[in-house]
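Below is one structure, written out as structure tokens; the observations come after it.
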Amino acid sequence: MDPKTIATCFAALRAAIPEPRTELHYASPFQLLVAVVLSAQSTDKAVNLCTARLFAAAPDAQGLWDLGEENIREHIRHLGLFNTKARNVHALAGIILHQYQGEVPRDRQALESLPGVGRKTANVVLNTVFAEPTIAVDTHIFRVANRTGIAPGKTPRAVEDRLMQVVPREFLLDAHHRLILHGRYTCTARKPRCNVCALHDCCIWPNKQLG
DNA sequence: ATCCCGAGGG
DNA sequence: CCCTCTGGAT
């Protein structure tokens, strides 16, 4: 897709999604980090239901470390992958508490060394908390980038690298959340709402559906 | 490549 | 029933 068309796409996305932001509920960088770890293969809505009680019981790294893995597991039991997540969140809280003075590090390497934190989660934290121009390629962005033709790629990393090349600078900071929200509500996995899509005229997808 | 793994939607 | 949901570790 040529640069002009891509710029047209993002201008259209800006009009459709004027205030891009995460739908995860959080009151601190640490809470956002935990929420994003919990969000793997789960809906934001389900995560918010869990964290409402979890953060009330343990709002910070000290609290989650003291709460313990067993209690964390009970709070997140209705999320998928809850066992792994409980173990990771507890261990992560301990590391943040003891090695980072309870603060979330603004450093990709440090973030990715945390249990349950990979490149995607690190990119979300860097973008959402520290306002760095990163793009976390999750299931939504991977689908939207490939389907629309904005940034095709066989792996999440390939799509990320391509997005970083082709997204105009003025749209880079908010591209992550705009693409996420577009994928969640319009360019959905199963039955995309092409009839109301802001990208209808610049999207290359050959199977545009009516409703 | 495989495992983890609950809940909601179509 | 099958698919999807802001993946990461082995």
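From a predicted model like this one, the values you see are computed outputs, not experimental measurements. Proteins get letters first, then strands, A, B, ... in listed order; numbering begins at 1 in each.
Minimum atom distance to the side chain of A:L81 is reached by B:dC4, of the listed B:dC4, C:dC3, B:dG6. Nearest nucleotide to the A:R190 side chain, out of B:dC5, C:dC5, B:dG10: B:dG10. Proximity note for A:A189 (side chain, C-beta onward) versus C:dG8, C:dT4, B:dA7: the nearest is C:dT4. Taking the side chain of A:T121 as heavy atoms from C-beta on, and the options B:dC5, C:dC5, C:dG8, the nearest nucleotide is C:dG8.
Residue A:V36 is classed as having no contact, given no heavy-atom separation below 4.0 Å to the nucleic acid. Contact annotation for A:S39: backbone-only contact, meaning every heavy-atom pair under 4.0 Å involves sugar-phosphate atoms and none involves a base. As judged by a 4.0 angstrom heavy-atom cut-off over every strand, A:V117 is placed among residues touching the sugar-phosphate backbone only.
The distance between atom CG of A:L49 and atom C1' of B:dG8, rounded to the nearest whole Å, is 12 Å. A straight line from NZ of A:K191 to P of C:dT4 spans 15 Å, rounded to a whole angstrom. Atom pair A:I76:CD1 and B:dA7:C1' shows a separation of 14 Å (rounding to whole Å applied). For A:E74 and B:dG6, the CD to P distance is 13 Å, given to the nearest whole Å. Regarding A:L38, its CG atom lies at a distance of 13 Å from the C1' atom of C:dG8, rounded to whole Å. Between A:N88 atom CG and B:dC4 atom C1' the separation is 11 Å, expressed in whole Å. With rounding to whole Å, A:K85 atom NZ is found 13 Å from C:dA9 atom P. Put simply, CD on A:E23 is 14 Å from P on C:dC5, counting in whole angstrom units.
In terms of modelled atom types and a separation under 3.5 Å, the side chain of A:Q31 and the main chain of A:P59 share a donor-acceptor contact. Remark: side-chain polar atoms of A:R193 are paired, donor with acceptor, to backbone N or O of A:Y185 under 3.5 angstrom.
Residue A:Q41 has no polar side-chain atom (N or O) positioned under 4.0 Å from OP1 or OP2 of B:dC5. Remark: A:T84 is not in phosphate contact with C:dA9, judged by side-chain N or O atoms under 4.0 Å from OP1 or OP2. For A:N83 and B:dC5, the shortest distance from a side-chain N or O to OP1 or OP2 is below 4.0 Å.
Nearer the 5' end of DNA chain C, as judged by each residue's closest nucleotide, is the contact made by A:R21, out of A:P115 and A:R21. Mapping A:F82 and A:K45 onto DNA chain B by nearest heavy atom places A:F82 at the nucleotide closer to the 5' end.
Listed by first and then second residue, the salt bridge (Lys or Arg N to Asp or Glu O under 4.0 Å) pairs that reach into residues 140-153 of chain A come to none, sequence neighbours excluded.
Interface residues of residues 132-159 of chain A facing DNA chain C, ordered by number: A:D138, A:T139, A:H140, A:R143; criterion, heavy-atom separation under 4.0 Å. Taking every heavy atom of residues 176-188 of chain A and every atom of DNA chain C, pairs under 4.0 Å involve A:H176, A:H177, A:I180, A:R184, by number.
Nucleotides C:dT10 and B:dC5 place their P atoms 15 Å apart, quoted to the nearest Å.
When the shell of 6.0 Å around CZ of A:R21 is examined, it contains 12 or fewer heavy atoms from other residues, nucleotides or ligands.
If you run side-chain contact (heavy atoms from CB on, under 4.5 Å) between A:T134 and each of A:T128, A:L172, A:L126, A:V125, only A:L126 comes through.
To the nearest 0.5 Å, atoms OG1 (A:T5) and CZ (A:F10) are separated by 12.5 Å. Rounding to the nearest 0.5 Å gives a distance of 12.0 Å between CD of A:E69 and CG of A:L64.
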Discussion item. Under the criterion side chain to side chain contact (heavy atoms under 4.5 Å, CB included), I'd like the reasoning laid out for A:L92 against A:L33: C-alpha separation, chi angles, the key distance, then a yes or no.
Written reply: CA-CA 10 Å; A:L92 175 153; A:L33 171 60; 3.9 Å; yes
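Aromatic ring orientation, A:W65 versus A:H98: perpendicular (interplanar angle above 60°, classes split at 30° and 60°).
In terms of heavy-atom proximity, A:I150 sits nearest to A:V166 at O-CG2, 3.8 Å.
Between A:V137 and A:R157, the closest side-chain pair of non-hydrogen atoms is not below 4.5 Å.
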